[in-house]
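If you read the sequence from its start, that first residue is 1, and numbering goes on from there.
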Amino acid sequence: MLPNTHVDVGTFLLVMDLLGTFVFALSGASSGVRHRLDLFGVLVLSFAAALAGGITRDLLIGAVPPVGITDWRYIATALAAGVVFFFWDSTVVRLRMTILLLDAAGLGLFAVTGTLKALKYDLGPGTAVLLGMLTGVGGGVLRDVLVSEVPTILRSELYAIAALAGAATVVLGRALGLPAQTGAIGGVLVCFALRVVAIRHGWRLPVVGEWRRSEDDTIEVDDAPRP
């Protein structure tokens, strides 16, 4: 029973990993279509958004060659997502909320798997958390840089913070002696929940200038002439 269980869990994680790859690739293709790139440009952004984070992580920890360029399933999934969005973008746009939810799940999964892989290579807890975050958000950073935009993680609702929380949950679970599966599931759920709540309520970190405007408003009220 145990070997079969391991096979089932491994298959499940692979399917979820590929689903996350597909969803992140859709975000890359969406950016390419929005900037009116040709098919090749859209596919480049799909590949970058889906796989750049994991490739960068593998290079940093010495897991070479990176799985993102050696396993054909990841490459095929990323490119398939680009083709789907390029030719059926109007249909995909109508599923925007579904894609956001899948993106949140993919972010949690990538943050967790990145952290687990870093821990497997005997890296410290702090480094593992950072590499987990990098796995989740690295592709989006490269996608935005390629189209000359400020990366989404620097201006969106608690994206990198959610990835950090999920990665930190994995490390905390290991420190408490919990089974790896328990820590992994907890990390995905924490990241997913935080990201979904942030989207729903518009939570984000303060933006430069906002606190100054609030302070100026207060000063104007305080300095206003009183009867």
[atom1]-[atom2] distance between [X] and [Y], expressed to the nearest 0.5 angstrom:
X      : Y      : atom1 : atom2 : answer
Thr113 : Lys120 : OG1   : NZ    : 12.0 Å
Trp203 : Ile199 : CH2   : CD1   : 12.5 Å
Leu79  : Thr21  : CG    : OG1   : 11.5 Å
Met133 : Ile161 : CE    : CD1   : 8.5 Å
Arg174 : Thr169 : CZ    : OG1   : 15.0 Å
Leu164 : Leu130 : CG    : CG    : 7.0 Å

Please report the shortest heavy-atom distance between [X] and [Y], naming the atom on each side.
X      : Y      : result
Ala128 : Leu119 : CB-CD2, 3.6 Å
Ala52  : Gly139 : CB-CA, 3.9 Å
Leu194 : Ala162 : CD2-CA, 3.7 Å
Ala184 : Leu116 : CB-CD1, 4.1 Å

Are any of the side-chain heavy atoms of [X] and [Y] separated by less than 4.5 Å?
X      : Y      : result
Ile55  : Phe47  : yes
Asp71  : Ile75  : no
Val137 : Leu107 : yes
Ser46  : Phe85  : no
Pro66  : Leu59  : yes
Leu146 : Leu142 : yes

Applying side chain to side chain contact (heavy atoms under 4.5 Å, CB included), run through Tyr159 and Asp103 and close with a yes or a no. CA-CA 10 Å; Tyr159 201 82; Asp103 179 82; 3.1 Å; yes
side-chain hydrogen bond (donor to acceptor under 3.5 Å, both in side chains) partners of Arg57, counting only residues at least two apart: Thr135
Is there a path of hydrophobic side-chain contacts, each under 4.5 Å between heavy atoms, that joins [X] and [Y]?
X      : Y      : result
Val83  : Val23  : yes
Leu176 : Val188 : no
Ile185 : Leu178 : no
Ile153 : Phe110 : yes

Does the pair Thr115 and Leu131 meet the rule for a side chain to side chain contact (heavy atoms under 4.5 Å, CB included), with working shown? CA-CA 6 Å; Thr115 305; Leu131 287 175; over 6 Å; no
I'd like to know whether Leu158 forms a side chain to side chain contact (heavy atoms under 4.5 Å, CB included) with Val197, so could you lay out the CA-CA distance, the side-chain angles of the two residues, the decisive distance to 0.1 Å, and finally the verdict. CA-CA 9 Å; Leu158 301 187; Val197 171; over 6 Å; no
Checking the side chain of His35 only, and the main-chain atoms of Ser31 only, is there a donor and an acceptor separated by less than 3.5 Å? yes
Spell out, as yes or no, whether a donor-acceptor pair under 3.5 Å connects the side chain of Thr127 to the backbone of Leu123. no
Answer yes if the side chains of Tyr121 and Asp58 hold a donor-acceptor pair under 3.5 Å, and no otherwise. no
Passes side chain to side chain contact (heavy atoms under 4.5 Å, CB included), Arg73 versus Leu18? Steps please. CA-CA 8 Å; Arg73 291 171 293 188; Leu18 292 175; 4.2 Å; yes
Have a look at Phe40 and tell me which of Leu37, Val42, Leu43, Val44 forms a side-chain contact (heavy atoms from CB on, under 4.5 Å) with it. Val44
Please, which pairs that meet salt bridge (charged side-chain N to carboxylate O under 4.0 Å, His left out) have at least one residue in residues 136-152, sequence neighbours excluded? Arg34-Glu149, Glu149-Arg155
